[in-house]
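In each ligand, atom 1 is the first atom listed, and ligand 1 is the first ligand listed. Predicted model, so just to flag it, every value in this text is computed and none were measured. Values below: every heavy atom of this structure, side chains too, minus hydrogens, waters and symmetry copies.
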Amino acid sequence: MARPRVVILGGGFAGLFTALELGSGDVDVTLVTDEDHFLFTPMLYEYLSGEVEAWHIAPPYGELLESDVRRIQDEAVTIDPDARRVTLARNKEPLSYDALVLAVGGITNYVGVEGAEQNSFPFRKLRHADSLRKRMVETLDHIPPDLSPQDVRRELTFAVVGAGASGCELSTKMADLLLDAVKRRALHGEPRVLVVEMGDKVVPGMGDPIREFVEEALRESHVEVHTRTRVVSVTGDSIVFEHEGNREQLHTACVVWTGGVKMRPLIEQLNVEKTARGLLKIRPTLQLAQHDNVFALGDIASFPDAAPTLAGTAQLAFQQAGLAARNVKALFKDHEPQMETKHFEELGEALSLGTERGAVLLAGGQAFGGALARQARFALYTSRLPTWHHRLRVGASWFFEGTAPRPLLPLGLER
Ligand SMILES: Cc1cc2nc3c(=O)[nH]c(=O)nc-3n(C[C@H](O)[C@H](O)[C@H](O)COP(=O)(O)OP(=O)(O)OC[C@H]3O[C@@H](n4cnc5c(N)ncnc54)[C@H](O)[C@@H]3O)c2cc1C
């Protein structure tokens, strides 16, 4: 008898780990994803700074998955849950399934700010980090050695929008890299890195113990923090923001947007129950309410039984993958399907703050920071990478070859 066909859309934390858990065996698994590699997003900041290499955090799927998991590198463009079919952008033949796992993640949300989508840099993919690093290097390369400190500061103004964990990690990383480059190139003055936040504090979703380390790191990296500040518009070389009714326009070398996530058109088009934010409403088994054979997890799904701080995190997507795999298998058992549910708790937080420091919040609520936290983060993340084989290779590389940042060298010398 033919094995049930399981199609997984998306190869991020939710999709890849579901595919790894399902493996082969009782079901026929196809993973459809528009990239050729997985991305361990929590370390994209370290990739920007050269503390880690692409192969550490973005291994090709071919190195991770067993050969009997079929892989299609393509973009899913429509889903028809009634006909049980997915159409793809390049592959003309639609894909039919018996069970579908939706795990396509979200996209950057520019919340309608004028010029933001066209002119800011997103920071979600390897290529985004490459573009940002290139922009920092090119900006440095254009600065003549005798430029005055005020002009150096003006030319080297970078704004990061959003002071969530992502904005704080990114701005401290950029500031440390730029400060180091200014010294190495014997330029006068300092770079200017700003983080702009609508709310009244940085890392609003996190508790006070870890916030203290984040605030200290922002100060030590000389990042200017602008809270209660709304971005009004972004152009190719400026940002306009408003604070307490006063508008200011700043010349910028670039603006990086980390402020929020929204749903992709693929999910927006899907005519099923959703929350006010457009997330797919799912049961505690990860199934859509109207379709027993469609599971949704990760950033696109509103899971009813998880600690609120877990929403939109890799932690949740990764933990849900195990549940998804078990429930997909249960769907095809001969007897009545026994679907599982699970409550997910926060496992702790680990932030990278600049090139020298980190901050770790343990599941028990204790926090610590500094160089030790940076090392602890590397150790922790070694254990979260996919597959034992990959973990061992990366762990050995970090242990024996080190994790020092790669300075921003002139473009010809960058690799
Ligand atoms: C820079 C950054 C740092 C982060 N740091 C942390 C952190 O420290 N801790 C934490 O818990 N969370 C962190 N997150 C959040 C975390 O990455 C997400 O919550 C997590 O990736 C969600 O997993 P997912 O599988 O739902 O989506 P994703 O990981 O986004 O994966 C979706 C996959 O689907 C593919 N895809 C999308 N559309 C299609 C399509 N139409 N057809 C085929 N394939 C498609 C995408 O290319 C991608 O491979 C971070 C996010 C970013 C961007």
Side-chain angles (χ1 to χ4, degrees), residues 7-19 30-48 57-58 61 71-79 86-91 95 101-109 121-129 132 160 162 164-170 173 203 205-206 256-261 263-270 279-280 296-301 303 306-307 309-321 324 344 346-353 358-361 377 380-381 384 386:
V7 170
I8 302 173
L9 300 185
F13 280 91
L16 173 73
F17 283 92
T18 305
T30 302
L31 177 71
V32 180
T33 187
D34 54 1
E35 302 278 354
D36 64 356
H37 58 267
F38 168 71
L39 177 61
F40 191 84
T41 47
M43 293 199 119
L44 195 55
Y45 318 101
E46 282 96 335
Y47 172 72
L48 174 77
I57 63 158
Y61 292 114
R71 272 181 299 118
I72 300 180
Q73 191 183 339
D74 207 336
E75 185 192 344
V77 284
T78 63
I79 300 162
V86 174
T87 59
L88 305 176
R90 286 196 303 273
N91 206 325
L95 267 181
V101 178
L102 293 175
V104 290
I107 48 176
T108 304
N109 188 356
F121 284 48
F123 195 74
R124 300 186 62 81
K125 301 274 182 187
L126 279 188
R127 57 182 172 277
H128 300 155
L132 176 57
V160 175
S166 210
C168 293
E169 292 183 274
L170 184 58
K173 199 69 92 182
V203 287
M206 296 183 170
V256 195
W257 201 276
T258 69
V261 173
M263 293 305 104
R264 295 172 184 277
L266 179 72
I267 299 300
E268 283 172 350
Q269 287 160 17
L270 205 55
L279 297 167
L280 299 176
L297 57 157
D299 282 2
I300 55 169
F303 186 70
T309 50
L310 281 181
T313 64
Q315 277 195 45
L316 181 62
F318 160 81
Q319 294 183 72
Q320 286 174 331
F344 296 110
E346 169 81 72
L347 302 174
E349 298 282 352
L351 305 186
S352 169
L353 298 165
V360 169
L361 177 70
R377 182 176 143 96
L380 172 73
Y381 282 165
R384 298 267 167 89

Using distance alone, decide if ligand 1 has a nitrogen or oxygen within less than 3.5 Å of any nitrogen or oxygen in E35. no

Could you identify the single nearest non-hydrogen protein atom to atom 34 (O) of ligand 1 and state the distance to 0.1 Å? G10 CA, 3.2 Å

Indicate, as side chain, backbone, both or neither, the part of A317 found under 4.0 angstrom from ligand 1 when only non-hydrogen atoms are considered. side chain

Counting non-hydrogen protein atoms only, what is the nearest one to atom 31 (O) of ligand 1? Give residue, atom name and distance. G12 CA, 3.2 Å

In this structure, atom 8 (O) of ligand 1 is nearest to the protein heavy atom P42 CB, 3.3 Å

Should the pair R264-E75 be classified as a salt bridge under the 4.0 Å nitrogen-to-oxygen rule? no

Protein residue, atom and distance nearest to atom 27 (O) of ligand 1, heavy-atom basis: G105 CA, 3.3 Å

Is there at least one pair of N or O atoms, one from Y45 and one from ligand 1, spaced under 3.5 Å apart? no

Before signing off on this row, confirm whether F123 and ligand 1 have an N or O atom pair separated by under 3.5 Å. no

If we only consider heavy atoms of L310, is any one of them less than 4.0 Å away from an atom in ligand 1? no

Do E169 and S352 pass the side-chain hydrogen bond (donor to acceptor under 3.5 Å, both in side chains) test, and can you show the C-alpha distance, the side-chain angles, and the key distance before you say yes or no? CA-CA 6 Å; E169 292 183 274; S352 169; 4.9 Å; no

Report yes or no: does a heavy atom of F38 sit under 4.0 Å from some atom of ligand 1? no

With only distance considered, is E75 within less than 3.5 Å of ligand 1 through an N or O on each side? no

Non-hydrogen atoms of K125 versus ligand 1: any pair closer than 4.0 Å? yes

Considering both backbone and side-chain atoms of A14, is one of its nitrogen or oxygen atoms within less than 3.5 Å of a nitrogen or oxygen in ligand 1? yes

Mind checking whether L9 has a heavy atom under 4.0 Å from ligand 1? no

Just wondering, do V77 and L88 contact through their side chains at under 4.5 Å, heavy atoms? no

Where do P42 and F13 come nearest, in terms of heavy atoms and distance? CD-CZ, 3.8 Å

Distance to 0.1 Å, residue and atom name: give those for the protein heavy atom nearest to atom 11 (O) of ligand 1. A314 N, 2.9 Å

Looking at G298, which atoms of ligand 1 are within less than 4.0 Å of one of its heavy atoms? 26 (O)

Answer side chain, backbone, both or neither: which part of R264 comes under 4.0 Å from ligand 1, heavy atoms only. side chain

Ligand 1-proximal atoms of D74, by part, heavy-atom distance under 4.0 Å: backbone

Ignoring hydrogens and angles, tell me if any N or O in the side chain of E349 forms a donor-acceptor pair with the backbone of L361 under 3.5 Å. no

Within the 6.0 Å centroid threshold, strictly below: Y61 and F38: no

Between ligand 1 and S166, is the shortest N or O to N or O distance under 3.5 Å? no

E35 bridged to R124 by N-O distance under 4.0 Å: no

For ligand 1 and G312, I'd like to know whether there is a polar contact (N/O to N/O, distance under 3.5 Å). yes

Looking only at heavy atoms of F17, does any of them come nearer than 4.0 Å to an atom of ligand 1? no

Test your reading of the structure: does F13 have an N or O sitting under 3.5 Å from an N or O of ligand 1? yes

What is the nearest protein non-hydrogen atom to atom 42 (N) of ligand 1, stated with its residue, atom name and distance? A76 N, 2.9 Å

Given I300, L351, D299, which has its nearest heavy atom closest to atom 18 (C) of ligand 1? D299

Considering all heavy atoms of both residues, which atom of A350 and which atom of R377 are nearest to each other, and what is their separation? O-NH1, 2.6 Å

Taking non-hydrogen atoms only, is V104 closer than 4.0 angstrom to ligand 1 via side chain, backbone, both or neither? both

Tell me the closest heavy-atom pair linking I300 and L102, and the distance in Å. CD1-O, 3.5 Å

Do me a favour and list the nearest non-hydrogen protein atom to atom 50 (C) of ligand 1 with residue, atom name and distance? T41 OG1, 3.6 Å

Mind running side chain to side chain contact (heavy atoms under 4.5 Å, CB included) on F121 and W257 for me, showing each step along the way? CA-CA 6 Å; F121 284 48; W257 201 276; over 6 Å; no

Do any nitrogen or oxygen atoms of D34 lie less than 3.5 angstrom from nitrogen or oxygen atoms of ligand 1? yes

Heavy atoms only, cut-off 4.0 Å: how does Y381 contact ligand 1, side chain, backbone, both, or neither? side chain

